[in-house]
Amino acid sequence: PVVLHKIMVPPNLSGTITDIKSGSFTVEETVATLHTDKGEDVPLTMVQKWPVRIGRPYKHKYPPKRPLCSGQRVIDTLFPIAKGGTAAVPGPFGSGKTVVQHQLAKWADVDIVVYIGCGERGNEMTDVLREFPELKDPRTGESLMKRTVLIANTSDMPVAAREASVYTGITIAEYFRDMGYDVAVIADSTSRWAEALREMSGRLEEMPGEEGYPAYLASRLAQFYERAGSVACIGSDDRRGSLTAVGAVSPPGGDLSEPVAQATMRIVKVFWALDSSLAYKRHFPAINWLNSYSLYLDSLKPWFDENLGPEFLEDRASAMSILQSEASLNEIVQLVGKDALSPADQLTLEVARMVREDFLQQNAFADVDSFSSYDRQEKLLAMVLRYDRLCREAISKGAPVAKLFAVPSREKIGRAKSVPAEEYQQVYQQISAEMEQEIAAIAEEGGEDA
């Protein structure tokens, strides 16, 4: 019910369909006949055979212009990925790579998700098989399992199967892309796939490269990620599909200087660096905002400006600036203490804490907070930064910082992300109006005291 499964002519054939049948068929029975340019009649079945290590052809590849909405605020607002883009999720053991990828598989606004469990624990695949049938797809209202392809290749399976699983997954994704769908491939994890490559390379007695990996490791990784893209499909003129590739990287001990992480960073355009210290603080998603980056911001700017207004990217830049200022101020705080800072710097630390805890942090187990639409993200961030601007104006008039931090609306902003989806616009406007009145009253008092 979720996917209209189209019967496609194999990509290496062209010609005219001379007859087509209706009814019920097995995948091996002839459903149509194709009269080729050479004058041959070729029977078409519903099976397509394709070598998985070779990318399926397309007419034209477009630059990625639309963002992939994942519902995760730290991803969509700070480090967005485009439809047809590539991303890596590196992080040490226990930092939440699999949970981030599960969230992407659940909430990303794509038609099909191909989830490749490559060399990971068996219980993680079991979690997916248990959770996804119970979850509802927010776009169709059907079970999420109905738009998901799972490739289960756990750590105890043969090495050759692990090496092939990634190619199998991306070929299945290309098959659906050729139907004109937006597809996301989630590989968990490419490090285990690289280890399988290393083991097979050792058995073939090939010359080892860095850390025992084969010398062609970087080119194999590139072959995988370069199959992503937004393309014009072969066949009808207006059919466009996209394939987005997101790979987890599990470097031993969280060391990002190892070969798989380094080769991946050279290829992908979005880097969500997970941090175990954030994960241990129960900050989810544990994406470190100082180490991560997205190279799609410039190409996505027209879309953001048109759909969310030019203020959205300005607010994003302000939030990033505040978070970076916090990192440098923390070093001073450790030396002299928080009270020795100027009121403006104390406000920077407080607003940075609000950005971290009230905006970036999300609860994957709360239905309201697990997914956040772009409009809601834009309004929530604008409200936090409005608080920052109003407080700075009040401080310049002599208002005491302690009173500004204690305004009742400050606590309401902290709870704003748990407001039900159908009420948030009205509630956010109300909080903003209350906040302006409260801060204006404190500013007046400060002016009179001065």
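Computed from a prediction, not measured in an experiment: that's the story for all the values here.
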Carboxylate-amine/guanidinium contact [X] [Y], below 4.0 Å:
X: Lys21; Y: Glu29; value: no
X: Arg240; Y: Asp182; value: no
X: Arg239; Y: Asp178; value: no
X: Glu163; Y: Arg53; value: yes
X: Glu120; Y: Arg192; value: yes
X: Glu350; Y: Arg410; value: yes
X: Arg203; Y: Glu199; value: yes

Please check this pair: side chain of [X] against backbone of [Y], looking for a donor-acceptor N/O pair closer than 3.5 Å.
X: Asp188; Y: Thr98; result: no
X: Thr18; Y: His35; result: no
X: Lys97; Y: Ala248; result: no
X: Ser201; Y: Leu197; result: no

Side-chain contact test, heavy atoms from C-beta onward, threshold under 4.5 Å: evaluate it for [X] versus [Y] and give yes or no.
X: Tyr213; Y: Glu195; result: yes
X: Val114; Y: Val183; result: yes
X: Phe25; Y: Thr45; result: no
X: Leu380; Y: Met383; result: yes
X: Ile75; Y: Pro80; result: no
X: Tyr387; Y: Val407; result: yes
X: Pro11; Y: Gln48; result: yes
X: Glu226; Y: Ile267; result: yes

So Thr190 and Tyr225, side chain to side chain contact (heavy atoms under 4.5 Å, CB included) or not? Walk me through it. CA-CA 11 Å; Thr190 54; Tyr225 284 110; 3.8 Å; yes
Where do Asp41 and Thr36 land on the side chain to side chain contact (heavy atoms under 4.5 Å, CB included) test, with the steps shown first? CA-CA 6 Å; Asp41 284 336; Thr36 65; over 6 Å; no
Say you draw a straight line from [atom1] of [X] to [atom2] of [Y]; how long is it, rounded to the nearest 0.5 Å?
X: Trp50; Y: Glu174; atom1: CH2; atom2: CD; value: 8.5 Å
X: Lys65; Y: Lys301; atom1: NZ; atom2: NZ; value: 13.5 Å
X: Leu104; Y: Gln72; atom1: CG; atom2: CD; value: 6.5 Å
X: Asp275; Y: Ser95; atom1: CG; atom2: OG; value: 8.0 Å

Residues Arg147, Asp111; criterion salt bridge (charged side-chain N to carboxylate O under 4.0 Å, His left out); working and verdict: CA-CA 7 Å; Arg147 63 151 202 185; Asp111 302 303; over 6 Å; no
Evaluation steps, side-chain hydrogen bond (donor to acceptor under 3.5 Å, both in side chains), between Tyr428 and Arg376: CA-CA 9 Å; Tyr428 287 7; Arg376 182 168 187 155; 3.2 Å; yes
Glu326 and Val355: side chain to side chain contact (heavy atoms under 4.5 Å, CB included), yes or no, with the steps? CA-CA 11 Å; Glu326 181 201 29; Val355 171; over 6 Å; no
Would you please classify the geometry between the [Y] ring and the [X] ring as parallel, tilted or perpendicular, with 30° and 60° separating the classes?
X: Phe304; Y: Phe312; result: tilted
X: His5; Y: Phe176; result: perpendicular
X: Tyr374; Y: Trp303; result: tilted
X: Tyr167; Y: Trp193; result: perpendicular
X: His102; Y: Tyr115; result: perpendicular

Could you give me the CA-CA distance, side-chain angles and deciding distance for Leu297 and Leu313, then say whether side chain to side chain contact (heavy atoms under 4.5 Å, CB included) is met? CA-CA 9 Å; Leu297 282 166; Leu313 283 180; 4.1 Å; yes
What residues form a side-chain contact (heavy atoms from CB on, under 4.5 Å) with Ala218, not counting sequence neighbours? Ala263, Arg266
Kindly determine whether Glu411 and Arg415 satisfy salt bridge (charged side-chain N to carboxylate O under 4.0 Å, His left out), including the steps that lead there. CA-CA 7 Å; Glu411 192 179 326; Arg415 294 179 182 166; 2.7 Å; yes
Quick check, are the ring centers of Tyr62 and His60 under 6.0 angstrom apart? yes
Please evaluate residues Arg353 and Asp358 with respect to the criterion salt bridge (charged side-chain N to carboxylate O under 4.0 Å, His left out), reporting the C-alpha separation (whole Å), side-chain torsions for both, the decisive distance (0.1 Å), and the verdict. CA-CA 8 Å; Arg353 190 166 73 86; Asp358 304 340; over 6 Å; no
Are there over 12 heavy-atom neighbours, none belonging to Glu422, within less than 6.0 Å of that residue's CD? yes
Pick out which of Gln103, Gln362, Lys106 makes a side chain to side chain donor-acceptor pair (under 3.5 Å) with Ser370.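 Answer to the side chain to side chain donor-acceptor pair (under 3.5 Å) test with Ser370 among Gln103, Gln362, Lys106: Gln103.
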Go through it in stages, so that I can follow the logic: the residues are Arg121 and Thr126, the test is side-chain hydrogen bond (donor to acceptor under 3.5 Å, both in side chains), and I'd like the CA-CA distance, side-chain angles, deciding distance and then a yes or no. CA-CA 9 Å; Arg121 307 176 196 86; Thr126 312; over 6 Å; no
With side-chain contact (heavy atoms from CB on, under 4.5 Å) as the test, pick out the partner of Val149 among Ile172, Ile116, Thr168.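 Of the listed options, the one satisfying the test is Ile172.
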